[in-house]
Amino acid sequence: MSGTGCSDVARFIELFCHYQGIERERIGENVFRFWFDGEPVTYTHQPDLIGADSAEFITYGHPVLDRLISSARSQGWAANLIYPLSAKDYAVFREKLARIPVKGVHLIARQPTIIYHAKLVFLFRLSLLADLRKDLLISLAADPETDQVEIWELPKGLCSLPEGFRPLPDRRRYPRLYKEKGSLLDTHLANLSWFRETDYRTFQLYRQACLFLHRWILESFSAFEKEQLARLKCEEQVLDEYYDTLLREEMKRLYELLHKAAVLEVRVALAKTAQTRELFNSRLEDYRQQIQYEKDRCSRYGQMLAREKSKRLHELRRKYTPQALVTLVSAARVYLPRAVFTVESRLNECERIRLVYDFCADAWLDLQCQRCERPTYDLMITSEAGLLCSRCAEVCEVCGQPTMFPAAVCPGCGQKICQYCRYSCLLPSATSSTDCLLCCRCGPAVCPCCVNLLSGEEILD
Amino acid sequence: MEIYFNEVNNRVLAKLVWQEYSSIGHYLLNQAANKLSLQTGFDRLLALEALPEIVLYPHQQATVLKVLRELRGRAVLADEVGLGKTIEAGIIMKEYLLRSLVKRILLLVPASLVTQWYEELVNRLKIPFKVQDGSVSWQEDLLLVSIDYAKREPQRSKLLQNRYDLVVVDEAHKLKNKSTVNWQFVNGLQKTFLLLLTATPVQNDLRELYNLITLLKPGQLKTFREFKQEFVLDKRTPKNVEKLKNLLGQVMVRSNRRETLLKLPKRVVSTQVVQPTVGEREFMAAAVSGLRAVYRQRNQKRQTILPLIVMAREVCSSPQAAVASLEQLLVRERDLPAAERAAIQRAISIGSELNDFAKLTQLLKIARKMGTKILVFTEFRRTQDYLAQRLEAEGFNTTIFHGGLSLAEKDAAVANFRQRSQIMISTESGGEGRNLQFCHVLVNYDLPWNPMRVEQRIGRLHRLGQQHDVQIINLIAANTIEEYVLQLLDEKLRLFSDVVGDVEAIIAAGGLSLEKQIADRFFGVADSGAKEGDDIVDQIVRRISEYRELQSFTDGLLGVGS
């Protein structure tokens, strides 16, 4: 064996031996007795070992490989998995946290709380069947909070959930998204009444995953379906044409006879004497008999052709009709650690944003720009405890913080300033302070009120 | 698209609901196992990975992929004789089975080929077919049946009721006539995929081709009347050839020998005539005079002479091969005349003591002079053993290879020859499919009397992948029957220097055998057989020429090699 196939088989056997606690070089007789119905043979997938006594290749279709695969497939259908938060992951997070400008003048970050977020992961095997077969595995994750389903690969570093860990019941935050139904899917779900009655929430999530998959298959494989149907249509046309022509060719004689009979009928009608009429009548009778015979023959032939055609059409449809078979290979509850904390404005405690960090994905989650309301991946927290995307955020050139409101330009130095960096006029007059658009650096020197005040001049209204 | 949700999903859901969780190891292993058993498109052939001992030639691989990918499982495999239609069809079957696209296969072959197919399928391709000889259920998924048996009632009705995923018909030129029971029977079968195997899809009339294609894909060539109008000038002359080629290309695959073996190196044939030693001459003379009477007697009584022909070949091969058989003959033939008995006893005594052989001496000279790897062929195991023993004694690292070795032993023998030995001594049997291209010198220690064997021997080395010109050295003892055999095989039939398709199939089709004629001459009864022998040679030559003509006609029609 060589190429991809060989390395796939090798990897699988490595994994099999690893998880079964078998050292590949020392596959003992007792193990073989257990796994392989007692064949004490040293199997190998490494070609360089050929020639060793009683060694044999494991290949595709090899009975031992088949047994290994079926053994592996008969276990591990469901799992409860967790991504344990490591010190390394937490350090990365702390580093990221330190980079958020929450330690500035106006913002306070609360201590993050670590929570474990649950996902229900379904691994489906999708088999596309027509005159060829293509299989693929698709892993879907359903979020119990939102009922959202997405294509999601299991992250590395998961382990089994320790005994005694009991997660809290999941809550749905938003209404369900998928409404469409497929008839075969309905039947499938209807057959799962035991499941619905036992664990309604999990059933709902499974249903959502099935609906998602249904829609995904239709969208993703529409080209495949079209191609198959086009082939079918093309071949059906050839068949139709062939059998129609066969029948037409067979009926040619009948048409000739009908034509001749029609001519004779005219002759009979136009016969000048009784004798010629009699003669034509007798010929006509002959033709009629022949026509009847031909009709019967063609009818039998037509029936035979119809039977054959139907058989051929049936074969074609079996061959080309595209089908998809969805098999649930395994399912797992996966618990992923997340850090949740809030950032609030020191000046206004009502202004706060909730931040969620996913350790597993090493990313911030659900960030949405509060101005354009589009999802964002930047973390631009304004001095008012708002969250902006890089397109909407303007940065105060004095304090360096993004600002929620449009920045003003200091007439003194021409820099963009946020509302917190505006100069506060020394006079307690609301009018004068709001009119004053100076930055805190230029203010004392430039503000007319303050200049007058500081120079001891009277301030006029 | 119809989307089915498998009801086996229940078992996984049940585990989830009842919280019967597995460890992550089993969970990941399950995923890996499922990933391994995924069926991808036909981008690679799983069958070849499942059968590492099978190495396909490029044209065979191309044919298999074309049938799977483009022709979608309905095709006429029309490769020239000897280019491996059987293995191509086998790999296609295996591929479909491995991918679960096919579950039920019906294989229809001529009665004479049932055993050959069975061995090929079960031993080589590891497909557990059952031969239907009346004792097997008609509901078997993998059924191998003789077409002549299958087409008769009540078998016919039983087969017509079944639905097959794949039907394969070997020697499909027997379906060339639409009005025959064969054609009607295959047409009546319910099948999704259909493979028709024939090297001669058209022999005498283009109608044969039409019938074959219509069986495969009705309407491909429209109705016969339309086909005739559009494509037929007269019985064997097509018109609108390009269009016809295009239509045929959609359902038919053909490779010809000229094209596929184009890259093969030359064959350099040389004959080394050696003078037999006195002992050898005496041994042969004694053996011939002892056996002649028995041979004549059996010939007259029309009894089987096959054992005597084998014995004659053994005598020609080496005394070691013949002595045991001669001893057995003495035991069996109790009423043998005293003179003959004495002659055979003398032959035995000379043969047992003989230690000096002209051909062996010459072989040693060749081996020393060439210094490269040499493949020595002999017909008999005893000769093989003796040669191995003598060559080893002379300091040559020698490997033996014969049909009696197990698969692993054969692997080891080939590996040993590749890595260590200079000489491999092989019999013809059991060598098929082994790649020995790393060697390019072949020595025929004895000559096969059967022309079919010649190509089998040379084909071990003269095949795709051979980098050097292949040297074929025939060792001939002067003034013996071997000179006549060489004259027939090399000069008349040119079997050593020309590649003539599958000689076996060509000659076997006519039921022609040269062995008896050679034996007649060997035992001195050649006067009666000489002319007949020459006739047979002429017949074989004619048959090869007809075969070539038909192949080039078919190539022209199908646009192969143009």
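Computed over heavy atoms, backbone and side chain alike; hydrogens, waters and symmetry mates excluded. Residue numbering restarts at 1 for every chain, and letters A, B, ... go by the order of the sequence lines. If you're wondering where the values come from, they're calculated on a predicted model, not measured in any experiment.
Proximity to chain A is limited to the side chain of B/Phe193, based on heavy atoms less than 4.5 angstrom apart. Interface remark: B/Ile54 contributes no atoms to any contact with chain A (heavy atom separation under 4.5 Å). Of the two parts of A/Ile69, the backbone and the side chain both hold a non-hydrogen atom closer than 4.5 Å to a non-hydrogen atom of chain B. Using a 4.5 Å cut-off between heavy atoms, B/Ala47 makes no contact with chain A at all. Interface remark: B/Ala32 contributes backbone and side-chain atoms alike to the contact with chain A (heavy atom separation under 4.5 Å). For B/Glu20, the part sitting under 4.5 Å from any heavy atom of chain A is the backbone (N, CA, C, O) and nothing else. Neither the backbone nor the side chain of B/Leu221 comes within contact range of chain A; no heavy atom of the residue lies under 4.5 Å from a heavy atom of that chain. Residue A/Leu229 does not touch chain B at all, counting heavy-atom pairs closer than 4.5 Å.
We find that A/Glu235 and A/Lys319 are not joined by a salt bridge, their nearest charged nitrogen and carboxylate oxygen being 4.0 Å or further apart. Salt-bridge check for A/Arg231 with A/Glu227: passed, with a basic side-chain N closer than 4.0 Å to an acidic carboxylate O. Ion pairing of B/Arg74 with A/Glu315 is present here, as a side-chain N (NZ or NE/NH1/NH2) and a carboxylate O approach within less than 4.0 Å. In summary, B/Asp165 and B/Lys103 do not engage in a salt bridge, as defined by a charged side-chain N under 4.0 Å from a carboxylate O.
Chosen from A/Ser160, A/Ala78, A/Ser70, the residue pairing most often with chain B at heavy-atom distances under 4.5 Å is A/Ala78. Contacts with chain B were tallied for A/Phe221, A/Tyr243, A/Trp194; A/Trp194 has the most, counting heavy-atom pairs under 4.5 Å. Contact count against chain B (heavy-atom pairs under 4.5 Å) is highest for A/Arg312 among A/Arg312, A/Lys309, A/Glu241. Each of A/Leu316, A/Thr202, A/Leu81 has some count of heavy-atom pairs under 4.5 Å with chain B, and the biggest count is that of A/Leu81. With respect to chain A, the highest number of heavy-atom pairs below 4.5 Å among B/Glu226, B/Lys222, B/Arg11 belongs to B/Arg11. Here B/Asn9 is the residue among B/Ile24, B/Asn187, B/Asn9 with the most heavy-atom pairs under 4.5 Å with chain A. Ranked by heavy-atom pairs under 4.5 Å with chain A, the first of B/Arg72, B/Lys15, B/Lys191 is B/Arg72. Options A/Leu192, A/Leu129, A/Leu128 differ in how many heavy-atom pairs under 4.5 Å they form with chain B, and the most are formed by A/Leu192.
A heavy-atom distance below 4.5 Å is not found between the side chains of A/Phe122 and A/Ser330. Contact check for B/Val169 versus B/Asn182: no side-chain heavy atoms found under the 4.5 Å cut-off.
Within 6.0 Å of NZ in B/Lys66 there are more than 12 heavy atoms belonging to other residues, nucleotides or ligands.
Not less than 6.0 angstrom separates the ring centroid of A/Tyr335 from the ring centroid of A/Tyr83. Under the 6.0 Å cut-off for aromatic ring centres, B/Tyr27 and B/Tyr21 do not qualify, their centroids lying 6.0 Å or more apart.
Stacking of B/Arg104 on the aromatic ring of B/Tyr164 is recorded, both the 6.0 Å distance cut-off and the 45° axial limit being met.
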